[in-house]
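Everything below concerns the one structure shown next.
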Amino acid sequence: MHNRGLLIVISGPSGAGKGTICKALLEKRDDLFISVSATTRSPRAGEVDGVNYHFLTKEDFIARVEKNDFLEYANVHGNMYGTPKFKVEEMLAEGKNVILEIDIQGALKVKENFSEGVFIFILPPSMEELKHRIIKRGSETEESLMTRFKNAYQEINYVSKYNYAVVNDEVDTAVTKIEGIIAAEKCRVDRIKDTILDSKEGLIHEQLYD
């Protein structure tokens, strides 16, 4: 009998580096699996259905929303994005640890439906560094830069809704901290109580019949 896998939800403000951290985690460990989101947007060059995203028509997506098939979903710039519930549940039941890298609103929606998840908020070392990282992308106009920075400043207030906060000053250090969180969560009694009971019963059986 194997333990149920962990659902690890990683989010934080734009520019905090959550995508880089998730990529580093997946490269370092073979016991972590990324959840593939569904979307109504068209595939970009090189994207593969089922690998980068599950590409759906808008009608199909809406039908799945009505059937409550998503842990969370949102409309982003006219396209729908969602986390398929069935696939996540399937991987967790197999004992796989699943990472969701999603925005803060999505994470809070998942928390409503999946309270046993592990919710990790990625923080920048400082607001000045956050601003520097957003500028470094080079894809922002002055107006969009200020909007993004203002949103990020407000989003940091949601940190209290999460189980853990990890400051991303160095990616390797942040990854090590998240690995520590995963190890601690795996040892929580409420997660392994069935295994403990099985071990206890096995020990009693040995004492009675050996």
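For clarity, every value in this text was computed on a predicted model and none was experimentally measured.
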**OP:** For atom OH of Y73, decide whether the heavy atoms of other residues, nucleotides or ligands shown that lie under 6.0 angstrom number more than 12.
**Re:** no
**OP:** Take atom CG of D172 as the centre, draw a 6.0 Å sphere, and report whether it contains more than 12 heavy atoms from other residues, nucleotides or ligands.
**Re:** no
Looking at [Y], is its backbone amide N or carbonyl O close enough to the side chain of [X] to form a donor-acceptor pair, meaning the two atoms are under 3.5 Å apart?
| X | Y | value |
| --- | --- | --- |
| D69 | V65 | no |
| K18 | G12 | yes |
| N97 | L32 | no |
| D169 | P125 | no |
| T39 | M80 | yes |
| N163 | F119 | yes |
| T147 | E143 | yes |
| N168 | L123 | no |

Shortest non-hydrogen contact from [X] to [Y]?
| X | Y | value |
| --- | --- | --- |
| V159 | A165 | CG2-CB, 3.8 Å |
| E47 | R44 | OE1-N, 2.8 Å |
| L130 | A152 | CD2-CB, 3.5 Å |
| P84 | A38 | CD-N, 4.1 Å |
| I34 | M91 | O-CE, 4.5 Å |
| R41 | F55 | O-CD2, 3.2 Å |

Between [X] and [Y], is there a side-chain N and carboxylate O pair less than 4.0 Å apart?
| X | Y | answer |
| --- | --- | --- |
| K109 | E112 | yes |
| K96 | E90 | no |
| E89 | R4 | yes |

Original post:
For F70, is the NZ or CZ atom of K85 found under 6.0 angstrom from the centre of its six-membered ring and inside 45 degrees of the ring axis?
Top reply: no
Side-chain touch [X]/[Y], heavy atoms, less than 4.5 angstrom:
| X | Y | value |
| --- | --- | --- |
| I182 | R29 | yes |
| I8 | L100 | no |
| V118 | Y164 | yes |
| V36 | V51 | no |
| V88 | L71 | yes |
| V9 | K111 | no |
| F149 | Q154 | no |

Original post:
Any side-chain donor paired with an acceptor under 3.5 Å for Y81 and T40?
Top reply: no
Original post:
Can I10 and I178 be said to form a side-chain contact (heavy atoms from CB on, under 4.5 Å), step by step?
Top reply: CA-CA 10 Å; I10 296 180; I178 292 173; 4.3 Å; yes
**OP:** Dump the intermediate steps for side-chain contact (heavy atoms from CB on, under 4.5 Å) on K58 and N79, then the final yes or no.
**Re:** CA-CA 8 Å; K58 191 170 184 179; N79 293 309; over 6 Å; no
Original post:
Between V175 and I122, is there a shared hydrophobic cluster once you connect ILVMFWY residues whose side-chain heavy atoms come closer than 4.5 Å?
Top reply: yes
